Amino acid sequence: MVRLSVPCWLALPALVLARDSFDPLAYVDPLIGASNGGNVFPGASLPYGMAKAVADTNSGSRQGGFTLDGSPVTGFSTMHDSGTGGSPSLGNFALFAYTNCPDGDINRCVFPKEGRSAFGHFSNSTVSAKPGTFGITLHTGIRAEMTTTHHTSLFSFTFPSVGGDGEPAKPLILQDLTDLADSRQDNASVSVDSKTGRITGSARFLPSFGTGSYVLHFCTDFSGADIVDSGIFVNSRASTDVHDLTISRSINGYPLPGGAFVRFNSGAEPILVRTATSFISPQRACEHAEDEIPEFDFTTVSEAAAEAWRAKMSPIRVSTHGVDGSMVTNFYSGIYRTMINPQNYTGENPLWSSSEPYFDSFYW
Ligand SMILES: *[C@@H]1O[C@H](CO)[C@@H](O)[C@H](O)[C@H]1NC(C)=O
Ligand SMILES: *[C@@H]1O[C@H](CO)[C@@H](O)[C@H](O)[C@H]1NC(C)=O
Ligand SMILES: *[C@@H]1O[C@H](CO)[C@@H](O)[C@H](O)[C@H]1NC(C)=O
């Protein structure tokens, strides 16, 4: 009786509100399939995005970068495939971070990917994965959050106030020339600008499926702390006097570790790392980064990424009444995955110049 007395023009806005408060993203769990050999990509991406940021582990099923099987993190990279078997795909130009180098000596930071795994352990409970963002805290106390635009990833590293040696934070962030499959070929190159810290580079890699090879370029910028110094590393040796490197694959089959690093005067504020890739040139990668993320505003970028997913998924509404929650989560997480791949590489084919839609990585 009371309900009937409410004029219908009052009830209507309430109905609209109820409809709009339905958020399909609440039912997406990107971590489904990140353990037991699911090989999925559980990180941050836009629908069909080329940039796909996640923490990479050294697991045997790291095909999509990250796994929840107890394997440690070896880096944070921005290109991934999802759901492939076989040899891992992409995972190029990984970043890694240290709160400081013991005794302030850069040569006492561990640069090669294999050795970094000792600093990459984490608890599963620190992992957060939502459409458009991914975060993890390593046992070193470093928290890494990441989000993306179409070609660009934005990482936010938060450091503990002191490093493992008890000295105040003087963070070092490195970027290497590896990929997940260690397929790098000869003549990879990297440069770091001693004034701005901008790191640019290029390398030729092998695809996980098919023949031939591909060249990928990148451009990385930093924000959030003043730069102390920067330089180049090769294997476990680093130098602040060298700022450009061209490196061969090496003779023993495993690519010689190499890359660049930047060191900062403070870890009091999060350090933001913006990295974009391009199949065309390092300059094009820098243009993508500057166009897509002109300010290093993590909240704005991650909210836009979530909104892009919401726009794609909201047209699909199911009744959740009386349905087991895990069923609804499986449903929306499955829909979400149909838009992780294929990747939209429009304008990024080095073999021709065209604005015709061009998509790659059509898996299953
Ligand atoms: C959490 O981590 C442990 C190892 O540290 C792993 O064996 C386990 O499978 C993980 N849990 C989940 C739910 O993936
Ligand atoms: C590396 O550079 C040398 C000299 O320019 C060239 O002969 C060789 O083909 C290059 N290799 C690759 C994989 O690009
Ligand atoms: C693919 O990328 C191009 C260029 O960035 C963009 O114009 C287009 O809207 C994208 N298509 C889809 C389906 O996302």
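Note that the structure is predicted; figures quoted are calculated from it, not measured. Just so you know, ligand 1 is whichever comes first in the structure, and atom 1 is the first atom listed for that ligand.
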Does atom NZ of Lys130 have more than 12 heavy-atom neighbours, drawn from other residues, nucleotides or ligands, at distances under 6.0 Å?
no
How about Glu269: does its CD atom have over 12 heavy atoms from other parts shown lying under 6.0 Å from it?
no
Please enumerate all residues that pass side-chain hydrogen bond (donor to acceptor under 3.5 Å, both in side chains) together with Arg143, with sequence neighbours excluded.
Ser128, Thr137, Glu145
Check the pair Asp179 / Arg184 against salt bridge (charged side-chain N to carboxylate O under 4.0 Å, His left out), numbers first and verdict last.
CA-CA 7 Å; Asp179 63 339; Arg184 196 190 75 227; over 6 Å; no
Should the ring pair Phe93 and Phe205 be called parallel, tilted or perpendicular, given that the plane angle runs from 0 to 90° and is split at 30 and 60?
perpendicular
Less than 3.5 Å apart, N/O on ligand 1 and N/O on the protein: could you list those pairs with the distances?
unit_1, atom_1, unit_2, atom_2, d
ligand 1, 2 (O), Asn124, OD1, 3.0
ligand 1, 2 (O), Asn124, ND2, 2.6
ligand 1, 11 (N), Asn124, ND2, 2.6
ligand 1, 14 (O), Leu68, O, 3.0

Using distance alone, decide if ligand 3 has a nitrogen or oxygen within less than 3.5 Å of any nitrogen or oxygen in Asn344.
yes
Between Ala260 and Phe233, the two heavy atoms sitting closest are N-CE2, 3.6 Å
Which atoms of ligand 2 have any heavy atom of Asn187 under 4.0 Å away?
1 (C), 2 (O), 3 (C), 8 (C), 10 (C), 11 (N), 12 (C), 14 (O)
Electrostatic pair Arg116-Asp176, nearest N-O below 4.0 angstrom:
yes
